[in-house]
There are 2 protein chains.
Amino acid sequence: MRLTQYTDYALRVLLYLARHQDRLCSIAEIATVYGISKNHLMKIINDLVNAGYLTSVRGRNGGVRLGRTPDRINVGALIRHTEDDFDLVGCSRCIIAPACGMTSVFDEALAGFMAVLDRYTLADALARKGDFLPLLNAIGPEGQISKARPAKED
Amino acid sequence: MRLTQYTDYALRVLLYLARHQDRLCSIAEIATVYGISKNHLMKIINDLVNAGYLTSVRGRNGGVRLGRTPDRINVGALIRHTEDDFDLVGCSRCIIAPACGMTSVFDEALAGFMAVLDRYTLADALARKGDFLPLLNAIGPEGQISKARPAKED
DNA sequence: TAAATGATGCATAGTGAATACATCTATTGC
DNA sequence: GCAATAGATGTATTCACTATGCATCATTTA
């Protein structure tokens, strides 16, 4: 059971921008920090821009920033946006589906899952743990992680 | 967000066998009824046999049957068995993971999801909706569905 | 006007699941 | 005891989806 990397990256972008609300960040910068594909990230960011989560500025010295404050970005709503397939098991291809009691069980389980996510905003997630800026700042110019700061639990 | 077809098929097998507890069913029979790969199904069924969910009988006139009564087959436990990857987003590959507040949010959401499934057994699922045997019986010898009985909601 | 940066579309590659194939083992019926 | 049936197991191939790469266009600013 997994969400797509699409959702993963979208969250990382939002978290990063939430920590840098004072300035514009270029897509190249974010891609380098996380060590992921700039091209892929660009598509995700465009999607987030179109959905209103981000604001983009074109041209020289351009970049992106959050389109709303972190307390107005709901995690559940975001995931509903980035994940489009919530057909947990392939009921659409199963012949007993109309009389199958599992469908309602899964519906209820999914509702339980989303209910938790709906309770949190990006601001809540930021507040839940310590600042991760030191981790981001440990990234070298080529995106490699400085081993001086091992990733340990706080 | 999806579970694997592996889980999907495992559930279908259990539901089918729960409706035919009076006799042994061959893997070929189950594969034909659902119109799915017999080879793939065989591996899933073997897995279920090894886990104690099913009992198998080799040789001529052999087949499989439930290894426990439906009320002792917990849906949550089953899915934990058939799904081995619950790393919803790729936290293991994200550098801010140790300080990221999303991990605990996802842990909580996943717990909410599994909590619902843990509350139900196969017997509950069977009781939730009407009998689907008529649907299964509408299958012809080659596995095609008789269109005389459209799949409508009860 | 050139450089930087986002926007967009298409082609390619990687990954993992599903499927197919082959062979072995066990049981039953004749 | 032999042949047929049916499960057990391992390997290889196909397929779908995702991620990535590449090319090009659009926009802004120094």
Side-chain angles (χ1 to χ4, degrees), chain A residues 1-10 12-13 17 23-32 34-67 82-90 92-94 143, chain B residues 1-13 17 23-32 34-51 53-67 82-90 92-94 143:
Chain A
M1 176 167 159
R2 301 206 55 170
L3 301 170
T4 60
Q5 227 162 314
Y6 196 94
T7 296
D8 181 7
Y9 290 173
R12 295 200 205 183
V13 167
L17 295 178
R23 64 176 174 89
L24 282 174
C25 303
S26 76
I27 295 176
E29 172 191 345
I30 303 173
T32 301
Y34 287 114
I36 59 186
S37 160
K38 180 186 159 194
N39 296 283
H40 194 207
L41 196 60
M42 198 170 278
K43 281 157 201 174
I44 296 165
I45 286 180
N46 273 318
D47 185 20
L48 293 174
V49 168
N50 291 332
Y53 287 105
L54 306 182
T55 313
S56 68
V57 177
R58 281 191 178 190
R60 185 181 274 224
N61 299 330
V64 292
R65 63 157 53 97
L66 289 185
T82 58
E83 296 283 317
D84 48 33
D85 182 7
F86 282 103
D87 184 22
L88 287 172
V89 289
S92 54
R93 276 164 285 125
C94 179
Chain B
M1 177 167 156
R2 301 209 52 173
L3 300 170
T4 59
Q5 229 162 311
Y6 196 95
T7 297
D8 181 8
Y9 291 173
L11 278 166
R12 294 201 207 182
V13 167
L17 295 178
R23 63 176 176 90
L24 285 172
C25 303
S26 77
I27 296 177
E29 171 190 345
I30 304 173
T32 301
Y34 287 115
I36 60 187
S37 160
K38 179 187 160 193
N39 297 283
H40 193 208
L41 197 59
M42 198 169 279
K43 280 159 201 172
I44 296 165
I45 286 180
N46 273 317
D47 186 20
L48 293 175
V49 168
N50 292 331
Y53 286 107
L54 305 183
T55 314
S56 67
V57 177
R58 280 191 178 192
R60 184 181 274 222
N61 299 328
V64 292
R65 63 157 53 96
L66 288 186
T82 58
E83 296 284 316
D84 48 34
D85 183 6
F86 283 103
D87 185 22
L88 286 172
V89 291
S92 54
R93 277 163 285 123
C94 179

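Chain naming here is simple, since letters A, B, ... match the order of the sequence lines and numbering starts at 1 in each.
The nucleotide whose nearest atom lies closest to any side-chain atom of Met42(A) is, among dT18(D), dA18(C), dA7(C), dA7(C). Of the listed nucleotides (dG29(C), dT28(D), dT20(D)), dT28(D) has the atom at the smallest distance from the side chain of Arg58(A). Distance from the side chain of Arg60(A) is smallest for dT29(D) among the nucleotides dT29(D), dT18(D), dT19(C). Side-chain atoms of Ser26(B) lie closest to dG7(D) of the nucleotides dG7(D), dA7(C), dG29(C). Distances were taken from every side-chain heavy atom of Ile27(B) (C-beta onward) to each of dT18(D), dG7(D), dG29(C); the shortest belongs to dG7(D). The Asn46(B) side chain lies nearest to dT9(D) when the options are dT5(D), dC22(D), dT9(D).
A heavy-atom distance below 4.5 Å is found between the side chains of Val13(B) and Ile45(B). For the pair Leu48(A) and Val64(A), the minimum side-chain heavy-atom distance is 4.5 Å or more.
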Would you please test Glu29(B) and Lys38(B) for salt bridge (Lys or Arg N to Asp or Glu O under 4.0 Å) and show each step?
-> CA-CA 9 Å; Glu29(B) 171 190 345; Lys38(B) 179 187 160 193; over 6 Å; no

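For Gln5(A) and dT18(D), the shortest distance from a side-chain N or O to OP1 or OP2 is not below 4.0 Å. For the pair Asn61(B) and dG29(C), the criterion of a side-chain N or O lying under 4.0 Å from OP1 or OP2 is met. OP1 and OP2 of dC17(D) both lie 4.0 Å or more from every side-chain N or O belonging to Thr4(A).
Base engagement by Lys43(B) is indicated by at least one non-hydrogen atom pair under 4.0 Å involving a base atom.
One interatomic measurement links the two molecules: NE2 of His40(B) to P of dG10(D), which rounds to 16 Å at whole-angstrom precision. Rounded to whole angstrom, the span from the CG atom of Asn50(A) across to the P atom of dA7(C) amounts to 8 Å.
There is a side-chain donor-acceptor pair under 3.5 Å between Tyr6(A) and Asp47(A).
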